[in-house]
Amino acid sequence: MAEVNGLKLEQRHGKSRVRVARVWKSHDGKYHFAEWSVNISLLSDCLPAYVAGDNSDIVATDTMKNTVYAKAKECSEQLSAEDFAIILAKHFTSFYQQVTAAIVDIVEKPWERISIKGQHHEHGFKLGSEKHTTEVMVDKSGTLRMTSGIEGLSVLKTTKSGFEGFIRDKYTMLPETRERMMATEVTASWRYSFESLSSLPLKPLYFTERYMDVKEVLLNTFFGPSKGGVYSPSVQATLYEMAKAVLGRFPDISFIQLKMPNLHFLPVNLSSKDNPVIVKFDNDVYLPTDEPHGTIQATLNRIRSKM
Ligand SMILES: O=c1[nH]c(=O)c2[nH]c(=O)[nH]c2[nH]1
């Protein structure tokens, strides 16, 4: 933030939705592939550009775009979206004297290796559904803030869900139930506790593996065991269990936010004057709807122990 002519100015500039795809061929003839949409935002000392039309301290956003392709070319080994974001952010903060911090976020398209007759294909991929996201912020001193997430993880269970005991008043019509569908589209975002570039794990694809593992913990907790599942008394309670399971399992995650809209499946009952029972609901025929839908979200944070 700067003060100019008695006014406060906060500014940043960057390039959005730079799309890049990278192929790596390994020695065994197998191809690896990633497709990313990259957003870059630079915090830099370039006030004269705003107040005097002087661009001499500006990193052109076109240059930022080109940097994405140049760095993708340089990355000769397959790497996670997180590591690519860090490479870019490190470049901008170390290469340009004017840049004090860089924020890079990436959405990875969910290309999954295809299997043909049970065999992993060498070079064939199909598009999955949920997306891996990440945002890193790096400043000149090497301080790091790093989050990763999942977008669009659609899940549904046909039973083992209920909702009872909520406030009843003159506007309440919803019956209590211990038997309903539960459907949501999970958006998750978690912060890693690595707070400097020098503290990052060195293991290749560490963050890709973490992403897969977090997703698995979220799904296992949502569904419960394949036989019998687990009863959910509310979206709130399930969300909390999912967030708690992630923090319990991964010490390097310091907080997690989950957004879980309650996508309703409404019981269908049809009757008319002539035909009082056309369809009588018996946990079988539903009207799926996502409008309106419930919105349930929460963040679970570790309470730091005071020394
Ligand atoms: O799991 C639920 N949580 C709610 O807060 C809520 N509200 C509602 O109408 N149905 C539900 N279900």
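Order of listing sets the numbers, starting from 1, for every ligand and every atom in it.
- Counting atoms of ligand 1 from 1 in the listed order, those under 4.0 Å from a heavy atom of Ser234 are 1 (O).
- Cation-pi geometry between Arg178 and Phe163 is not met: the NZ or CZ atom fails to fall both under 6.0 Å from the ring centre and inside 45° of the normal.
- The environment of NZ in Lys140 is crowded: more than 12 heavy-atom neighbours from other residues, nucleotides or ligands sit within 6.0 Å.
- Here the heavy atom of the protein found nearest to atom 12 (N) of ligand 1 is Arg180 NH1, 3.1 Å.
- Within the 4.0 Å heavy-atom shell around ligand 1 one does not find Met173.
- Here the heavy atom of the protein found nearest to atom 9 (O) of ligand 1 is Leu174 CD2, 3.5 Å.
- With hydrogens left out, the protein atom closest to atom 3 (N) of ligand 1 is Gln236 OE1, 2.8 Å, a heavy atom.
- Residues Thr159 and Glu179 have side chains that bring a donor and an acceptor to within less than 3.5 angstrom of each other.
- No hydrogens or angles considered: a donor-acceptor pair under 3.5 Å links the side chains of Thr61 and Lys15.
- Near Val235, meaning under 4.0 Å from one of its heavy atoms, ligand 1 places the atoms 1 (O), 2 (C).
- When atom types are taken as modelled, the side chain of Thr63 and the backbone of Val59 share no donor-acceptor pair closer than 3.5 angstrom.
- Atom CZ of Arg168 is surrounded by more than 12 heavy atoms from other residues, nucleotides or ligands within 6.0 Å.
- Among protein heavy atoms, atom 11 (C) of ligand 1 sits closest to Phe163 CE2, 3.3 Å.
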